[in-house]
Student: 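To start, I am sharing the structure in question, which I have written as structure tokens.
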Amino acid sequence: MDQGGAPPIFSASAETDGDHLSVVVTGEVDMATADTMLQTALREPASQVTLDLRAVTFFDSAAIHALVRLAGHYPHALTVLPSRQVSRVLEIAGLSSQPWLHPA
């Protein structure tokens, strides 16, 4: 199986532990997948949400928009764990000092 030019597979999975929702996202978050990321994080009611983006390899403006919408939905209950690529994109977008962003 040739893995050379294949883009990373996108996935978004959610796991609930009491009132805490953990969403793990992998691959590329772009115009085609950003809404899936958002809907996965909004699927279950939760008082705390962790969005784990440490395995995200690409993050575009649609992904930023989805993330900002999620932050608005959980204004004091969101924790975002970014990959290096996500951190860089959020820095360029002027969002690197948001209280929900927890770089490694």
Side-chain angles (χ1 to χ4, degrees):
M1 188 194 257
D2 179 26
Q3 297 279 333
I9 305 278
F10 169 83
S11 71
S13 59
E15 185 175 299
T16 305
D17 182 8
D19 61 353
H20 181 251
L21 177 67
S22 294
V23 178
V24 178
V25 182
T26 63
E28 297 184 354
V29 186
D30 57 19
M31 192 169 80
T33 59
D35 192 57
T36 301
M37 176 186 75
L38 177 64
Q39 294 308 317
T40 301
L42 295 176
R43 191 177 308 149
E44 301 288 329
S47 61
Q48 290 287 9
V49 175
T50 299
L51 186 62
D52 186 342
L53 303 176
R54 292 176 291 188
V56 169
T57 56
F58 180 81
F59 206 73
D60 74 359
S61 60
I64 294 170
H65 179 72
L67 182 56
V68 169
R69 284 181 58 199
L70 187 60
H73 192 80
Y74 294 107
H76 303 291
L78 178 65
T79 299
V80 176
L81 308 173
S83 67
R84 190 173 70 237
Q85 291 86 346
V86 172
S87 290
R88 181 73 180 126
V89 169
L90 294 177
E91 182 181 324
I92 291 167
L95 296 171
S96 61
S97 64
Q98 292 299 310
W100 40 260
L101 187 62
H102 294 263

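Values below: every heavy atom of this structure, side chains too, minus hydrogens, waters and symmetry copies.
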Student: Evaluate the side-chain proximity of Phe10 to Val25: yes if any heavy-atom separation is below 4.5 Å, no if none is.
Tutor: yes

Student: Under the salt bridge (charged side-chain N to carboxylate O under 4.0 Å, His left out) rule, collect the residues that match up with Arg84, sequence neighbours excluded.
Tutor: none

Student: Could you work out, with side-chain contact (heavy atoms from CB on, under 4.5 Å) as the rule, every residue matching Ser22, not counting sequence neighbours?
Tutor: His20, Thr50

Student: Taking side-chain contact (heavy atoms from CB on, under 4.5 Å) as the test, write out the residues that go with His73, two or more places apart.
Tutor: Leu42

Student: Mind jotting down which residue pairs meet the salt bridge (Lys or Arg N to Asp or Glu O under 4.0 Å) criterion with at least one end in residues 53-70? Sequence neighbours excluded, please.
Tutor: Asp52-Arg54

Student: Please enumerate all residues that pass side-chain contact (heavy atoms from CB on, under 4.5 Å) together with Ser11, with sequence neighbours excluded.
Tutor: Thr26

Student: Could you give the distance from CG (Asp17) to CD (Gln48), rounded to the nearest 0.5 Å?
Tutor: 12.0 Å

Student: Tell me, please, which residues at least two apart from Ser13 pass side-chain hydrogen bond (donor to acceptor under 3.5 Å, both in side chains).
Tutor: none

Student: Donor-acceptor pairs under 3.5 angstrom involving side-chain atoms of residues 86-93: please list them, not counting sequence neighbours.
Tutor:
residue : atom : partner : partner atom : Å
Ser87   : OG   : Ser83   : O            : 3.2
Arg88   : NH1  : Glu91   : OE2          : 3.3

Student: Treating Ile, Leu, Val, Met, Phe, Trp and Tyr as nodes and any side-chain heavy-atom pair under 4.5 angstrom as an edge, say whether Leu53 and Phe58 lie in one connected cluster.
Tutor: no

Student: Identify the heavy atoms of Met31 and Ala62 that sit nearest to each other, and give their distance.
Tutor: CA-CB, 3.6 Å

Student: Same cluster or not: are Val68 and Leu78 linked, directly or through other Ile, Leu, Val, Met, Phe, Trp or Tyr residues, by side-chain heavy atoms under 4.5 angstrom apart?
Tutor: yes

Student: State, to 0.1 Å, how close Trp100 and Ala71 come at their nearest heavy-atom pair, and which atoms those are.
Tutor: NE1-CB, 3.4 Å

Student: Taking all atoms of both residues into account, what is the closest heavy-atom pair of Leu101 and Pro82, and its distance?
Tutor: CD1-CG, 3.6 Å

Student: To the nearest 0.5 Å, tell me how far Leu51 CG sits from Leu70 CG.
Tutor: 6.0 Å

Student: Does atom CD of Glu15 have more than 12 heavy-atom neighbours from other groups under 6.0 Å away?
Tutor: no

Student: Sequence neighbours excluded, which residues qualify as side-chain contact (heavy atoms from CB on, under 4.5 Å) partners of Glu44?
Tutor: Thr16, Leu21

Student: Would one find more than 12 heavy atoms of other residues, nucleotides or ligands at under 6.0 Å from atom NE2 of His102?
Tutor: yes

Student: Membership question, hydrophobic clusters at under 4.5 Å side-chain separation (ILVMFWY): are Val24 and Phe59 in the same one?
Tutor: no

Student: Might you point out which heavy atoms bring Ala34 and Ala66 nearest each other, and give the distance in Å?
Tutor: O-CB, 3.7 Å

Student: Indicate if Leu81 and Leu38 have the same hydrophobic cluster label, given that clusters are the connected sets of ILVMFWY residues with side-chain heavy-atom separations under 4.5 angstrom.
Tutor: no

